[in-house]
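Numbers for residues simply follow the sequence, beginning at 1. Just so you know, ligand 1 is whichever comes first in the structure, and atom 1 is the first atom listed for that ligand.
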Amino acid sequence: MQTVSRLKTGPSPWQEELARSFRNIDQLLDYLQLDKGQRQPKPATGIQFPFRVTPAFAGKMRKGDMNDPLLRQVLPLTEEMKDQPGFSQNPVGDLEARATRGVLHKYRNRILLLETGACAINCRYCFRRNFPYSENQLGQASRQKAIAYLQSHSEVREVIISGGDPLMTANSGLGELVESISRIHHVERLRIHTRIPTVLPSRIDSELVRIMSRSRLKTVIVAHINHPNEIDQEVENALKPLLEAGIRLFNQAVLLKGINDSPEVLRELLETTFDIGINPYYLHLLDRATGTAHFEVTKEKALFLQEELRKNLPGYLLPRFVREIPGESYKTPL
Ligand SMILES: *Cc1c(COP(=O)(O)O)cnc(C)c1O
Ligand code: SF4
């Protein structure tokens, strides 16, 4: 009997899996059976934005391939240390959009909460890789103030819980947050922006599905999947209960040089996500955060890709190609 009660208070299976993440580049490259001689381009060490990859994500990388599209999303390269003109610490004007601690109010009737700065994996192209989370994440302490802000802004129809990755927060904390948002009458929709579905599918446990589905709010989850290889049976199984509970699933991806900047890869991504119940949302042009220049795809190439997708996919599988221009009142179509 004692074991049962200990299980209840101990870490969840997903937290245990997270604890087994790769935090050392050589360990991951060993696991991928890449000999020292094959490690080209040479990974960089000592970069401030830490290296971090879940076992679930690493398990979908091809062995022996330094150019694997999943590996390239997480592998630190020396290019990150070069300063590039036009790239900055505050690429999309998030700092100017802060309303109160942990709250970004950029667009008229949608509000974004920076629930936590933590993520299950660290994506090297991340637009918030330089974001000062320590002073700007919501956490328990500033929730009261954030909720008060929401209450006093009756124009807000939708609350986006983002980060970092909001699903890094344990169910108890997340449940309370959703509960307090749902008590605000003028809020109708709840949205979660998360990379969890393909990087830590075990996180989508039954309690999370309950939290998402029992709320009076219409609930939307926007996943972040960049490459079809991120999707496997485990991902499909994890999402099924959410779909069955009536939660709507969308995907946003970032256009990344050498990873998904080909018509074939994008088409496969859009078809595969659709197969598991996810509709396309945005395809973002890279936000120009310091250290990410080597991922940038030109506007001309993006237009070409958009055209190719239009020729090869039904209209409902076309994502909106957008980029974020600081100061604009919505994400700007290409
Ligand atoms: C992207 C973003 C949103 C959501 O924009 P949608 O076009 O509704 O998806 C809201 N707030 C902030 C700060 C954002 O960056
Ligand atoms: S999961 Fe999202 S927020 Fe976290 S590092 Fe990746 S892109 Fe950035």
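- From the protein, the heavy atom lying nearest to atom 13 (C) of ligand 1 is K106 CB, 3.7 Å.
- Ligand 1 has at least one atom lying under 4.0 Å from a heavy atom of R191.
- Counting non-hydrogen atoms of other residues, nucleotides and ligands closer than 6.0 Å to NZ of K145 gives a total of 12 or fewer.
- Within the cation-pi definition used here (under 6.0 Å to the ring centroid, within 45° of the axis), K63 qualifies as a partner of Y31.
- When every heavy atom of F321 is checked against every heavy atom of L305, the shortest pair comes out as CZ-C, 4.2 Å.
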For Q252 and H284: C-alpha separation, side-chain torsions, deciding distance, then whether side-chain hydrogen bond (donor to acceptor under 3.5 Å, both in side chains) applies. CA-CA 7 Å; Q252 53 183 344; H284 295 270; 2.6 Å; yes
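- With respect to atom 4 (C) of ligand 1, the closest heavy atom belonging to the protein is I160 CD1, 3.5 Å.
- Regarding atom 12 (C) of ligand 1, its nearest protein heavy-atom neighbour is L112 CD1, 3.6 Å.
- Minimum heavy-atom separation, P41 to R72: CG-NH2, 3.1 Å.
- Which of Y330, Y281, Y107, F127 comes nearest to atom 6 (P) of ligand 1 through a heavy atom is settled by distance: it is Y281.
- Using a cut-off of 2.8 Å, one finds that C123 contributes no N/O/S atom close to atom 8 (Fe) of ligand 2.
- Contact annotation for I121 and ligand 2: only backbone heavy atoms (N, CA, C, O) come within less than 4.0 Å of the ligand.
- Between the side chains of Y282 and N251, no donor N or O sits under 3.5 Å from an acceptor N or O.
- Distance from atom 4 (Fe) of ligand 2 to its nearest protein heavy atom, with residue and atom name: C119 SG, 2.3 Å.
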Between H193 and H224, is the ring-ring contact (aromatic ring centres under 6.0 Å, His included) condition met? List the steps. CA-CA 8 Å; H193 278 179; H224 170 181; 9.6 Å; no
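- Aromatic ring centroids of Y316 and F274 lie under 6.0 Å apart.
- What sits closest to atom 1 (S) of ligand 2 on the protein, heavy atoms only, is R195 CB, 3.6 Å.
- Of all protein heavy atoms, the one closest to atom 8 (Fe) of ligand 2 is C126 SG, 2.3 Å.
- Between N109 and E158, the side chains place no donor N or O within less than 3.5 Å of an acceptor N or O (distance only, hydrogens not considered).
- From the protein, the heavy atom lying nearest to atom 2 (Fe) of ligand 2 is H224 ND1, 4.1 Å.
- Ranking protein heavy atoms by distance to atom 7 (O) of ligand 1, first place goes to Y282 OH, 2.6 Å.
- Residue nearest to atom 14 (C) of ligand 1, selected from R110, E324, R98, K331: K331 (by heavy-atom distance).
- Proximity of R129 to ligand 2, defined as any heavy-atom pair under 4.0 Å, is not found for any part of the residue.
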